[in-house]
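What follows is a set of notes on a single structure, which appears directly below.
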Protein chains: 2
Amino acid sequence: MIRIIIAEDQRLLRGAMASLLGLEDDIEVVGEAGDGEEALRMIEKLQPDICLMDIEMPKLSGLDAAEKLKAAGSACRVVILTTFARPGYFERGVKADIRGYLLKDEPVEKLAEAIRRVMQGHREVSPELVFGSMREENPLTPREQEILRLAAEGSSASEIAEKLHLSYGTVRNYISETLGKLAVKSRIEAVKLAEEKGWI
Amino acid sequence: MIRIIIAEDQRLLRGAMASLLGLEDDIEVVGEAGDGEEALRMIEKLQPDICLMDIEMPKLSGLDAAEKLKAAGSACRVVILTTFARPGYFERGVKADIRGYLLKDEPVEKLAEAIRRVMQGHREVSPELVFGSMREENPLTPREQEILRLAAEGSSASEIAEKLHLSYGTVRNYISETLGKLAVKSRIEAVKLAEEKGWI
DNA sequence: ATTTTCGGATGACAACTGTCACCCGAACGG
DNA sequence: CCGTTCGGGTGACAGTTGTCATCCGAAAAT
């Protein structure tokens with residue numbers, strides 16, 4: 001019997017998956033979590049074989065949770081299940097030793113199958129990830145990302161400078177660099193693009 | 001037997017709902033669509049009693065589809081099923097005569113029940129919509145929305161002016177007005193806020 | 001028939017943004 | 001020890017934003 005936990009904030013999807021997987025006779029859904037923290041608590045208590053984990057969840061993202069599990073040396077295998085095929089996410093997941101990265105665009109039938117294969121020691125990845133935009137690496141340095149992130153929240157150059165203890169001019173240089181790298185003409189476009197690609 | 005169609009772009013959720021609803025013995029899932037256009041074609045051909053419709057879908061949004069159905073005088077009852085409790089969406093849905101507006105945050109059990117109640121002539125709305133942010137009306141005029149939408153895509157004032165056949169100065173006046181109404185200090189913040197609230 | 005209202009336009013000003021060329025010092029690699 | 005790279009900083013310039021006061025003409029309202 002494969003014991004799994006489902007961490008997903010959309011109750012509808014979570015419930016639906018739990019019901020369906022529960023119908024499989026080699027799989028048992030032992031717990032459902034609505035956010036990352038709850039998932040961690042549950043994994044520790046119930047020691048499931050696999051945790052099906054969404055990324056964008058309240059309190060603690062699925063990737064954060066996976067990283068904490070790795071750090072704690074948990075035996076629970078994490079399978080990320082998300083809408084977003086963002087290369088940044090995938091890469092981070094790989095570093096956190098996840099065993100699978102599935103997209104919510106996959107047909108349901110594949111889900112149980114993927115879980116079984118992960119139990120056998122395989123790694124499961126949605127094909128879109130393997131080919132696809134995948135190899136679009138993040139061209140931004142950490143600093144540039146940090147600055148663009150603040151700009152995305154609506155901070156002006158001088159506000160960013162203050163928050164980061166940099167000079168006004170330096171911040172503007174970074175933004176200028178960033179615009180060049182992303183080949184766009186304004187912060188707004190840069191923010192859109194970077195958010196879409198998962199670069200910030 | 002209640003005949004329904006599910007229009008939802010996330011294959012996983014679509015499949016899961018179809019399987020679960022199919023288990024109910026008074027409900028029959030007669031079709032599944034992955035975008036708005038497909039949903040319309042299917043509804044016309046299969047004449048289902050109810051269409052469970054996501055909003056954000058490729059090609060044609062669920063709201064657009066609902067409006068077209070209303071215009072065509074279709075007998076198919078539309079139930080919106082979405083992540084977003086945006087007042088603007090809800091309002092638009094009501095105008096398109098939808099019979100229900102459910103959030104994906106609802107537990108699965110409610111789904112079949114809501115469908116039955118809609119068949120009996122009731123209207124089903126997630127409680128969050130009734131109270132909640134609901135009463136935050138869109139403070140922006142159509143023109144202001146149009147302009148903010150373009151700004152959101154990264155257009156500069158002069159580009160917007162060109163596209164809308166307005167003068168440069170007028171566009172800036174509109175944006176200034178908008179910033180005032182939304183009580184923010186820059187386009188970026190305005191865009192974030194307006195998108196979040198569903199005002200553009 | 002005269003106000004209001006409203007969409008649109010101007011012009012001017014201050015502040016902010018984006019670009020560029022160039023400077024500085026610390027940290028390597030040779 | 002020297003050169004290069006790299007994070008950070010300056011200053012200057014042109015262009016874009018955001019703000020205001022003000023203006024015009026066409027609908028509505030009274």
Side-chain angles (χ1 to χ4, degrees), chain A residues 87-88 91-92 95 136-200, chain B residues 87-88 91-92 95 136-200:
Chain A
E91 220 168 294
R92 228 182 115 192
K95 287 202 189 108
E136 281 198 69
E137 268 188 75
N138 192 334
L140 306 179
T141 66
R143 254 280 125 109
E144 287 165 349
Q145 290 172 46
E146 204 174 2
I147 286 172
L148 191 53
R149 224 157 18 229
L150 288 171
E153 286 162 20
S155 303
S156 69
S158 50
E159 286 166 339
I160 297 175
E162 210 166 320
K163 285 177 202 164
L164 260 37
H165 308 291
L166 290 178
S167 95
Y168 177 59
T170 302
V171 170
R172 285 166 55 204
N173 282 339
Y174 275 114
I175 291 186
S176 186
E177 248 305 288
T178 302
L179 298 188
K181 284 187 181 178
L182 302 187
V184 297
K185 289 201 316 300
S186 73
R187 303 142 116 76
I188 293 208
E189 292 175 272
V191 166
K192 289 260 158 195
L193 214 184
E195 278 182 344
E196 188 187 311
K197 300 272 191 183
W199 288 338
I200 56 170
Chain B
E91 219 169 295
R92 231 184 113 191
K95 286 202 189 108
E136 280 196 70
E137 267 188 75
N138 192 334
L140 305 179
T141 66
R143 250 293 114 113
E144 287 165 350
Q145 290 172 45
E146 205 175 0
I147 287 171
L148 191 53
R149 222 156 21 225
L150 289 171
E153 287 163 17
S155 303
S156 69
S158 50
E159 286 167 342
I160 297 175
E162 210 167 319
K163 285 178 200 162
L164 260 36
H165 308 291
L166 290 178
S167 93
Y168 176 60
T170 303
V171 171
R172 284 166 55 204
N173 281 340
Y174 275 115
I175 292 186
S176 187
E177 250 304 288
T178 302
L179 298 187
K181 284 187 181 178
L182 302 187
V184 295
K185 290 202 314 301
S186 73
R187 303 141 116 76
I188 293 208
E189 292 174 273
V191 166
K192 290 259 157 195
L193 213 185
E195 278 181 344
E196 188 186 310
K197 300 273 190 183
W199 288 338
I200 57 171

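Here is how names work: the chains are called A, B, and so on, in the same order as the sequence lines, proteins then strands, and each is numbered from 1. The figures that follow rest on heavy atoms only: side chains count, while hydrogens, waters and symmetry mates do not.
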Send over the distance from [X] [atom1] to [N] [atom2], rounded to a whole Å.
X: L140(A); N: dC6(D); atom1: CG; atom2: C1'; answer: 17 Å
X: L164(B); N: dG7(C); atom1: CG; atom2: P; answer: 14 Å
X: E177(A); N: dG9(D); atom1: CD; atom2: P; answer: 15 Å
X: I175(B); N: dA9(C); atom1: CD1; atom2: P; answer: 14 Å
X: L179(B); N: dA15(C); atom1: CG; atom2: P; answer: 17 Å
X: E162(B); N: dT16(D); atom1: CD; atom2: P; answer: 12 Å
X: I147(B); N: dG7(C); atom1: CD1; atom2: P; answer: 11 Å
X: I160(A); N: dG9(D); atom1: CD1; atom2: P; answer: 14 Å

Answer with base, sugar-phosphate or nothing: what part of the nucleic acid does S176(B) contact at a heavy-atom distance below 4.0 Å?
base
Within the 4.5 Å heavy-atom criterion, are L148(A) and L140(A) side-chain neighbours or not?
yes
Of all heavy-atom pairs between E153(A) and E189(B), which one has the smallest distance, and what is that distance?
O-CG, 3.8 Å
Return the minimal non-hydrogen interatomic distance between G154(A) and S186(B), and the atom names on each side.
O-OG, 3.9 Å
Return the nearest nucleotide to the side chain of Y174(A); candidates are dG8(C), dG7(D), dG9(D).
dG7(D)
Can you identify which nucleotide, out of dG7(C), dT17(C), dG9(D), has its nearest atom closest to the S156(A) side chain?
dT17(C)
Under 4.0 Å between a side-chain nitrogen and a carboxylate oxygen: does that hold for E146(A) and R143(A)?
yes
Salt bridge or not for E159(A) and K185(B), using N-O below 4.0 Å?
yes
Enclosure of E195(A) CD (heavy-atom neighbours >12, cutoff 6.0 Å):
yes
Measuring from atom CD of E177(B) to atom NZ of K181(B), what distance do you get when rounded to the nearest 0.5 angstrom?
5.5 Å
What is the distance from atom CZ of R149(A) to atom OG of S155(A), rounded to the nearest 0.5 Å?
12.0 Å
Looking only at side-chain N and O atoms, does R143(A) come under 4.0 Å of OP1 or OP2 in dG8(D)?
yes
Among residues 186-195 of chain A, which contact DNA chain C at a heavy-atom distance under 4.0 Å?
S186(A), R187(A)
Knowing that exactly one of T141(A), L166(A), N173(A) qualifies, which makes a side chain to side chain contact (heavy atoms under 4.5 Å, CB included) with I147(A)?
L166(A)
Please list each protein N or O that sits under 3.5 Å from an N or O in nucleotides 10-12 of chain C, with the distance.
unit_1: dT10(C); atom_1: OP2; unit_2: S167(B); atom_2: OG; d: 3.4
unit_1: dT10(C); atom_1: O4; unit_2: N173(B); atom_2: ND2; d: 2.7

